[in-house]
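What follows is a single structure, written as structure tokens, with notes after it.
Both ligands and their constituent atoms are indexed starting at 1 by order of listing.
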Amino acid sequence: MLIFDGRALSFAKARATECAHVEAATAQGDPDRYMRQVAEKVADQVRYLCEPAAWPRDLPATTAVTRLGEGLGIDEAAAHIEDMDACLVAFVGGGDNGGDALYTCAMLAERGKVVTAFLLKPNAHARALEAAREAGVGIVELSGRSLRSLEGTPEWNTICGARVWIDGIVGIGAHGPLTGELAETVTCLNEELRAHPKKVIAIDVPSGLTDDDGNVAGPILRATHTLAVGAYKRAQILPPAVEYCGQLRMIGMYWSGAHTDTTPDAEGRIGAGDLYYYDSDERAAAAVPIPAFADDKYARGVVGLVAGSDTYPGAGLLATRGSLASGVGMVRLNSTRRVQDLVLAAEPGVVMVGGRIQSALIGPGLDEDRREDALELAQFCGQSGMPLVIDAWALDLVPELVGTISPDATVLTPHYGEAARLLSALGHPTTREQVASSPLRCARALHEATGCHVVLKGPVTIVYSFEDVPLSRRAEADGENARRYADTRAGERPGLTRVYEPTVARVTTSWAGVAGSGDVLAGLIAGVLARPAGQDTASSPEGARRLLVTSARLSAAVFLHASAAQTAAMRRQGRAPIQARDIADEISSVLASIAQ
Ligand SMILES: NC(=O)C1=CN([C@@H]2O[C@H](COP(=O)(O)OP(=O)(O)OC[C@H]3O[C@@H](n4cnc5c(N)ncnc54)[C@H](OP(=O)(O)O)[C@@H]3O)[C@@H](O)[C@H]2O)[C@@H](O)CC1
Ligand SMILES: Nc1ncnc2c1ncn2[C@@H]1O[C@H](COP(=O)(O)OP(=O)(O)O)[C@@H](O)[C@H]1O
């Protein structure tokens, strides 16, 4: 399945798209039409986020948390905060992002909010400023001075007293890291936020977030909510920059979702440099279908695991529980006696003898003693084309498995350290720090070095995956481009087009980074790959179902794992640790809560 919505654009592409629509509006005599549409939607979101009911759920601010801690109930705490939320402050730059903010302020003032706009540049958007003044927005002009120059004045008290800030300093028009007085202003505002957290609603992107690969090279105003105008931007979803965005929401415009470019790149691939944001309950639910009326345990899928050892017994149990959560009909576990006993005590349905399987996992908790079993299963998958997930310890086997495994059906699931080690072993010396600063680039490099699908685990997890799609489907969807491209590779894979769909998962809780969490994910991925995919339930004679490893299925598993961690953490208001077993336990309640 191709993901046509959720594509994250580069700043240049987003700007070109917007400009085309603005030019059309200008030609019709209303240059700000598009800006006012944006502002109206932003104002709606701001009003919603100012609602008392939005506080207890979000709880970004110590205000709400400490008030609850002071013994107030949620309703009382919310009522207490309501007055403060009537006062809003906006920071306004000299470009169109500032224009958005000023029109937003005007609309909020018209709807009864007390709004003050701080003009950080002398050249604020003239028509938007006039609208703001007319609506009664308080205007403070900085005339190019840093906001720090206001410290100790009544205006500074207005800034500190507001519980909600609107960030319209710069958006996608910023070139490089912030400089001069804007850099100093953002640093000063971040200091205030550290001392007194508030809701910070960024219009389009948090100011200072300017790099398409998500690198952070200067001050960025830390948002609690980012309202992506019309389309997601790459920097909003990639680590490390994603940390500054808070909750990401898309402001849908009429052109949203129309960004899929099917033109092949120089190497003849479609979508290899693209990026998608995966945030779909429906698609995730589809990866774990309710069994059909007549399905027995074999029809639901059987997964084979080589996991756990006497050195790391718990990993065998956690990977097993991850697989079971995918709804497979059976898990076959190959492990030591100690691990078997541990698993059977918790999950008596698990089978410890070999037999037919539809997908396999090797790696979690293995040690050197388990090498032969891991290699044997990997080789079986290579010969049969069966989906294989290679995790943890087994990633060190990849250099010797290249050539044996079937890359189209193999998934590598490293964390940053394992990715650096594997890339280095494959002849591309890489440090963990390099992976952390450019994870998307490293996931792609790992795919290019091995041909495999890659799930690079981190604070957000990147799925670098592809699908070989029959020409007829691509041609139908994309027309002439795909047809021409398929012709160029006709000798290589007749009738098939390779399409990439790199995705980034929604941000989860940082409590998810706990020992064993990756074992649960690896088991879940293997389980999802064993499940029947849509109408494609026909098995080959060996029991393997080919071409079942897709971006959609891998992303769904990552999404479910991330959502389960988030749900488990929120049971404790996000303030107390969760364990890997809590994540495994929570997957079924996440599934129960999302649409089928
Ligand atoms: N495009 C459209 O038509 C529409 C766009 N929309 C909205 O506008 C946003 C894009 O607006 P934009 O293109 O005007 O740029 P924007 O983000 O406001 O930044 C420009 C300002 O930043 C400054 N600046 C730049 N780099 C800097 C640095 N390193 N350090 C410091 N300053 C720096 C630069 O200063 P200058 O270089 O001119 O001195 C200038 O003042 C977009 O995100 C969306 O929200 C739509 O809602 C409506 C139609
Ligand atoms: N800061 C973080 N925020 C959210 N998730 C994290 C964070 N750090 C790690 N994770 C997630 O935790 C899991 C850890 O996997 P891994 O390191 O393989 O652990 P283990 O081998 O102990 O199971 C991965 O799914 C990863 O995405």
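- Looking only at protein heavy atoms, the nearest one to atom 15 (O) of ligand 1 is Gly173 CA, 3.2 Å.
- For the salt bridge (Lys or Arg N to Asp or Glu O under 4.0 Å) condition, no pair includes a residue of residues 308-317, sequence neighbours left out.
- Side-chain atoms of Val242 and Pro239, non-hydrogen and from C-beta on, do get closer than 4.5 Å to each other.
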Show your reasoning for whether side chain to side chain contact (heavy atoms under 4.5 Å, CB included) applies to Leu333 and Val339.
CA-CA 9 Å; Leu333 176 65; Val339 179; 4.3 Å; yes
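- Counting only heavy atoms of the protein, atom 10 (C) of ligand 1 lies nearest to Ile172 CG1, 3.9 Å.
- Look at Gly93 and you'll find every heavy atom at least 4.0 Å from all atoms of ligand 1.
- In Asp96, the parts holding a heavy atom less than 4.0 Å from any atom of ligand 1 are both the side chain and the backbone.
- Electrostatic pairing of Asp582 and Arg571 does not count as a salt bridge here, judged by no charged N lying under 4.0 Å from a carboxylate O.
- At least one heavy atom of Pro177 sits closer than 4.0 Å to an atom of ligand 1.
- Inside a 4.0 Å radius of atom 34 (C) of ligand 1 there is not any protein heavy atom.
- The residue from Asp100, Val205, Leu178 that puts a heavy atom closest to atom 46 (C) of ligand 1 is Asp100.
- Proximity to Gly94 (heavy-atom distance under 4.0 Å) selects the following atoms of ligand 1: 41 (O).
- Heavy-atom neighbours of Glu191 CD from other residues, nucleotides or ligands within 6.0 Å: above the threshold of 12.
- For atom 38 (O) of ligand 1, no protein heavy-atom neighbour is present inside the 4.0 Å cut-off.
- With a heavy-atom cut-off of 4.0 Å, Leu182 touches ligand 1 through its side chain alone.
- In this structure, Tyr464 and His447 have tilted ring planes: the angle between them lies in the 30° to 60° band.
- Scanning all protein heavy atoms for the shortest distance to atom 6 (N) of ligand 1 gives Glu18 OE1, 3.4 Å.
- When the heavy atoms of Gly171, Ala128, Gly95, Gly218 are ranked by distance to atom 40 (C) of ligand 1, first place goes to Gly95.
- Those atoms of ligand 1 with a heavy atom of Gly176 less than 4.0 angstrom away are 29 (N).
- Residues Ile237 and Tyr276 form no side-chain contact, since every pair of their non-hydrogen atoms from C-beta on lies 4.5 Å or further apart.
- Under the 4.0 Å distance rule, the nearest protein heavy atom to atom 29 (N) of ligand 1 falls inside the cut-off.
- The distance from atom CG of Leu395 to atom CG of Leu401, rounded to the nearest 0.5 Å, is 10.5 Å.
- Pairing each heavy atom of Ala565 with each of Ala512, the nearest pair is CB-CB, 3.7 Å.
- Residue-to-ligand polar distances keep Val170 apart from ligand 1: every N/O pair is separated by 3.5 Å or more.
- Those atoms of ligand 1 with a heavy atom of Ala174 less than 4.0 angstrom away are 17 (O), 19 (O), 25 (C), 26 (N).
- Residue pairs meeting the salt bridge (Lys or Arg N to Asp or Glu O under 4.0 Å) criterion with at least one partner in residues 504-525, sequence neighbours excluded, are Asp279-Arg506.
- Expressed to the nearest 0.5 Å, how far OH of Tyr312 lies from OG of Ser335 amounts to 13.5 Å.
- Ligand 1 has no N or O atom lying under 3.5 Å from any N or O atom of Gly98, backbone or side chain.
- Nearest protein heavy-atom neighbour of atom 49 (C) of ligand 1: Val22 CG2, 3.4 Å.
- At under 3.5 Å, not a single nitrogen or oxygen of Val38, backbone or side chain, sits near a nitrogen or oxygen of ligand 1.
- Protein residues with a heavy atom under 4.0 Å from ligand 2 are His415, Lys457, Gly458, Pro459, Thr461, Thr508, Thr509, Ser510, Ala512, Gly513, Ala515, Gly516, Ser517, Gly518, Asp519, Leu521, His561.
- One distance of note links OG of Ser517 with NZ of Lys457; it measures 8.0 Å at 0.5 Å rounding.
- Short contacts between ligand 1 and Thr179, defined as distances under 4.0 Å to a heavy atom of the residue, involve ligand atoms 30 (N), 31 (C).
- In this model, a donor atom of one side chain and an acceptor atom of the other lie less than 3.5 Å apart for Ser207 and Asp167.
- The pair Arg127-Glu130 does not meet the salt-bridge criterion, since no charged nitrogen lies less than 4.0 angstrom from a carboxylate oxygen.
- For the atom pair Met253 CE and Tyr34 OH, the distance stands at 4.5 Å (nearest 0.5 Å).
- Taking CG of Leu108 as the start and CZ of Arg47 as the end, the distance is 8.0 Å to the nearest 0.5 Å.
- When non-hydrogen atoms are compared, ligand 1 lies under 4.0 Å from the backbone of Asn97 as well as from its side chain.
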Pair Arg371, Glu368 - check salt bridge (charged side-chain N to carboxylate O under 4.0 Å, His left out), show working.
CA-CA 5 Å; Arg371 170 184 283 267; Glu368 193 57 35; 2.6 Å; yes
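- The salt bridge (Lys or Arg N to Asp or Glu O under 4.0 Å) pairs that include a residue from residues 215-228 are Arg222-Glu243, where partners are two or more places apart or lie in different chains.
- Taking distance alone, with nitrogen or oxygen atoms compared against 3.5 Å, Tyr34 stays at or beyond that limit from ligand 1.
- Closest to atom 42 (C) of ligand 1 among all protein heavy atoms lies Asp204 OD2, 3.3 Å.
- For the residue pair Ser589/Glu586, the side-chain donor-acceptor check at 3.5 Å is satisfied.
- Among the atoms of Asn123, none of the N or O lies under 3.5 angstrom from an N or O of ligand 1.
- When hydrogens are left out, the protein atom nearest atom 26 (N) of ligand 1 is His175 N, 3.0 Å; that is the closest non-hydrogen contact.
- Atoms of ligand 1 found under 4.0 Å from any heavy atom of Arg15, numbered from 1 in the order shown, are 1 (N), 12 (P), 13 (O).
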